[in-house]
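Shown next, in structure tokens, is the structure this report addresses.
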Amino acid sequence: MIVTEKFVFIHMHKTGGQTLNDIIKRCIPEHRVIGYHYPRSEIPPDSKALPVIGMVRNPWDWYVSWYAFNRRPNINNPLFNVVSDSGQSDFKTTITNLINLASDSATSKMYRDDLTRMLPDSLDGNRGAGLTRESISELSKQRAGYYSWLTERMLGDTKKEQTFIGRFENLKEDFLDIMETLAIKEKQALQEELDSCGRRNVSRHSHYSHYYDDELRDLVASRENGLIEKYGYEFECIKPAGVTYDFPADLYIGPNNGFRKLLGRESNYLQLHQDFDVDALRERIEAMPAGKWLESERDRLFAVHKDTQSVLLVAFEDFKHQKPVYSELYGELQPALEPLVDYVASYYQNNGFIVRLLLAKLLAGGKIPHHTDAGYSLMNCHRVHIPLISNDDVAFFVGGEEKNMKVGEFWEINNSVDHAVENRGDEDRIHIIIDWMPNYAGLPVEEVLRPEDVKATDEAGVPAETLNAMIMQAYQVHQSGHATRAESLYRQVLNLDAGNIAANNLFGLLCLQTGRLEEAVRYIGKALTEKADDAQAHSNLALALKDLKRPEEAAKHFHESLKLDPNNPRVYNNLGGVYIELRRIADAIRCFQQALAIQPAFAEGHYNLGSALMMMHRYPEAAASFQQCLVLKPDLAEGQTKLVEALKAIESQQKSTQHHF
């Protein structure tokens with residue numbers, strides 16, 4: 001919350017508030033920062049008569065953004081930890097739990113009880129969820145969805161006079177309109193800042209519709225109905241019909257943190273659309289002078305493209321460090337191109353820009369031989385093929401998988417793996433190819449296209465960005481389950497740069513996952529030699545040492561991990577397991593309890609605590625732990641067995657006591 005002489009701005013979660021906070025502080029000297037995510041009720045008495053400004057967001061989009069932001073490894077939001085089972089639940093389960101948090105179900109009541117125990121009494125010093133124990137009590141009286149309740153909590157009665165609400169989707173225009181209405185003298189400075197800056201805390205995910213199935217979509221529509229109707233929101237579907245995607249694991253390597261070909265969803269092809277109307281663009285292309293196809297030298301510069309002709313509409317070359325260049329023809333074709341470009345931009349959540357766009361003709365009977373693309377921009381962009389003219393005898397090969405792309409379909413291909421094309425038909429094939437470069441951080445285009453380490457080289461003289469591209473490709477192959485090929489790629493990097501931190505760490509992780517524990521220790525240890533403050537590397541190394549029956553060393557590295565990241569319940573849980581092996585049962589119990597203090601809804605933690613308590617003959621406490629485990633995972637057979645053992649032990653204790661007396 002920021003208070004100025006003319007208005008109060010309330011920072012509503014995931015609605016562009018951090019961007020507006022920063023701009024207001026820079027442009028309006030007379031301001032007071034009251035607190036982070038403070039609701040309207042916390043406005044100071046001397047400012048309650050001022051106009052109040054806030055932002056809202058499409059609820060379907062808001063839930064995706066909230067989930068994507070809070071699942072980052074450096075974020076520790078108690079609300080997310082509870083409703084996601086310490087990050088282990090998928091998007092649908094987590095958001096269903098959050099939407100229904102105010103319901104009367106046993107699970108929702110348990111979650112609210114957990115939050116009441118975890119949350120503070122006041123917002124003093126708050127830097128995250130913006131919730132208190134009292135707010136959870138207020139939530140329990142709510143019957144709408146969580147986002148509707150949060151909007152009302154933060155912004156109050158939006159029907160009140162002097163309340164101005166903008167929409168996140170139109171953030172710049174709406175905010176400046178409000179500044180105009182309130183006659184804020186700094187409006188011009190605010191506009192210049194908005195024009196020049198990118199949004200803060202931008203999440204790394206694609207269009208929100210990708211993550212919803214019909215059931216979850218309808219749940220949001222039902223529970224957030226009042227807010228949806230009030231602000232005129234609709235569910236916009238930007239994906240092939242009947243398709244739902246999972247969030248990919250985030251990868252923090254390189255200048256475009258989190259980038260993965262095909263968004264990490266597939267190995268070779270990702271379909272963006274099934275039947276787009278490309279007639280207008282195709283008609284313009286067919287009417288184009290034949291000489292245009294002969295202007296590009298792509299077929300002469302690259303042997304693999306000798307059977308092709310190309311028209312460059314947006315051109316870019318790596319290492320020149322200039323912005324992409326738009327041709328005059330692009331402007332002429334723009335009315336027909338825009339619907340296709342807009343769809344691609346929406347699919348990738350508008351987090352980026354076109355780095356390259358071309359028309360590619362493969363002549364009848366022609367081939368593009370098997371090859372793998374290279375270069376920074378090609379390795380860090382989404383390459384989308386859209387057939388404009390084709391036939392049933394065109395075969396596209398990516399990663400050994402053959403596909404015939406139909407006119408109007410949108411396909412991202414994984415151009416970092418082996419691919420080829422054959423036109424076995426008797427007519428030319430024409431695709432439009434769009435290279436979409438992500439820009440998650442909202443940086444200037446030149447910075448995205450010029451990685452910070454572009455001039456850095458390793459001892460062998462290999463450019464660092466080349467190594468990063470190789471590591472990215474290896475990780476993609478690793479994640480797709482091809483361990484042998486991934487190992488070959490990691491070893492290529494390490495042959496060029498033996499001390500490469502990311503390659504050593506990721507290859508060590510691959511060794512751990514494939515049971516090669518000694519190698520895992522060696523490579524992860526090498527990564528830690530180069531960078532000793534990597535909490536995840538310490539944890540991975542400890543897991544390998546634990547499996548090698550070296551518990552003392554494992555405990556040491558779990559401790560190092562917790563020094564760097566003291567709020568990781570799984571590391572406490574794993575350390576507790578090591579203490580069990582060392583017969584330090586009391587220490588194990590303390591570790592399991594600490595894990596549960598961080599994340600009460602942690603079924604494995606309850607199970608392990610119960611098992612440790614059994615070893616100490618603390619049977620009633622053990623039974624309570626197993627019961628809590630089964631509340632969270634009712635079908636866990638081991639938990640049911642352990643609970644029976646604990647109850648029998650209690651009964652036996654009671655009989656023994658009665659016999660004594």
Side-chain angles (χ1 to χ4, degrees), residues 195-196 272-273 276-302 304-348 350-363 366 368 373 375-378 380-390 405 407-413 415 421 427-439 442-450:
D195 286 340
S196 65
L272 282 60
H273 199 284
F276 202 93
D277 184 357
V278 297
D279 288 350
L281 181 59
R282 184 177 65 246
E283 290 171 5
R284 295 294 303 272
I285 301 306
E286 289 176 330
M288 197 168 62
K292 282 290 182 184
W293 290 102
L294 305 177
E295 293 178 2
S296 168
E297 295 187 344
R298 188 166 178 254
D299 56 320
R300 293 186 289 276
L301 290 174
F302 304 100
V304 296
H305 294 300
K306 66 180 181 63
D307 290 342
T308 71
Q309 296 174 353
S310 305
V311 178
L312 291 176
L313 302 177
V314 180
F316 176 78
E317 291 185 44
D318 284 321
F319 306 115
K320 287 193 174 181
H321 314 312
Q322 299 171 344
K323 290 183 178 180
V325 177
Y326 284 69
S327 70
E328 182 178 337
L329 182 58
Y330 180 92
E332 296 174 13
L333 296 175
Q334 190 167 2
L337 278 169
E338 271 189 345
L340 287 74
V341 171
D342 287 348
Y343 184 89
V344 170
S346 294
Y347 191 94
Y348 296 113
N350 293 301
N351 285 336
F353 54 89
I354 293 173
V355 68
R356 193 178 290 102
L357 191 154
L358 65 148
L359 298 168
K361 178 190 291 185
L362 178 58
L363 302 176
I368 299 175
D373 292 345
Y376 176 78
S377 64
L378 284 169
N380 289 275
C381 75
H382 298 290
R383 169 152 281 206
V384 178
H385 277 253
I386 305 170
L388 302 178
I389 299 173
S390 192
M405 299 179 181
V407 170
E409 295 179 342
F410 287 43
W411 291 94
E412 181 186 345
I413 68 160
N415 62 316
V421 191
E427 64 175 329
D428 298 342
R429 181 227 70 176
I430 298 176
H431 281 196
I432 184 167
I433 300 174
I434 299 175
D435 286 345
W436 181 263
M437 176 69 72
N439 186 8
L443 297 172
V445 170
E446 300 93 327
E447 290 188 35
V448 177
L449 295 173
R450 183 178 185 175

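Side-chain contact between F410 and H385 is absent, with no heavy atoms from C-beta onward closer than 4.5 Å. Looking at I432 and L358, their side chains never come closer than 4.5 Å, going by heavy atoms from C-beta outward. Using a 4.5 Å cut-off on side-chain heavy atoms (C-beta onward), Y326 and L357 make no contact. Considering only heavy atoms from C-beta on, H305 comes within 4.5 Å of I368 through its side chain.
A donor-acceptor pair is defined here as one N or O able to donate and one able to accept, closer than 3.5 Å; no such pair exists between the side chain of R356 and the backbone of S377. Under a 3.5 Å cut-off, the side chain of Y343 and the backbone N or O of L272 do form a donor-acceptor pair. No side-chain donor-acceptor contact under 3.5 Å links N380 to the backbone of M437.
From N415, atom CG reaches atom NE2 of H382 across 11.0 Å, with rounding to the nearest 0.5 Å. Atom OH in Y347 sits 11.0 Å away from atom NE2 in H273 (nearest 0.5 Å). The structure places CZ of R284 at 11.5 Å from CG of L359, a figure rounded to the nearest 0.5 Å. Taken to the nearest 0.5 Å, the NZ atom of K361 stands 10.0 Å off from the CD1 atom of I285. A distance of 4.5 Å separates CG of L312 from OG of S296, quoted to the nearest 0.5 Å. Going from atom CG of L337 over to atom CG of L329 covers 8.5 Å, rounded to the nearest 0.5 Å.
Contact detail for V314 and V355: the closest heavy-atom pair is CG1-O, 4.1 Å. Across every non-hydrogen atom of S390 and R429, the tightest pair is OG-CG, 3.8 Å.
Judged purely by distance below 3.5 Å, without hydrogens or angles, the side chains of E412 and Y348 pair a donor atom with an acceptor atom.
The number of heavy atoms from other shown groups lying within 6.0 Å of CD (E328) does not exceed 12.
Checking each of I434, L333, I354 against L313 for a side chain to side chain contact (heavy atoms under 4.5 Å, CB included) leaves exactly one that passes, namely L333.
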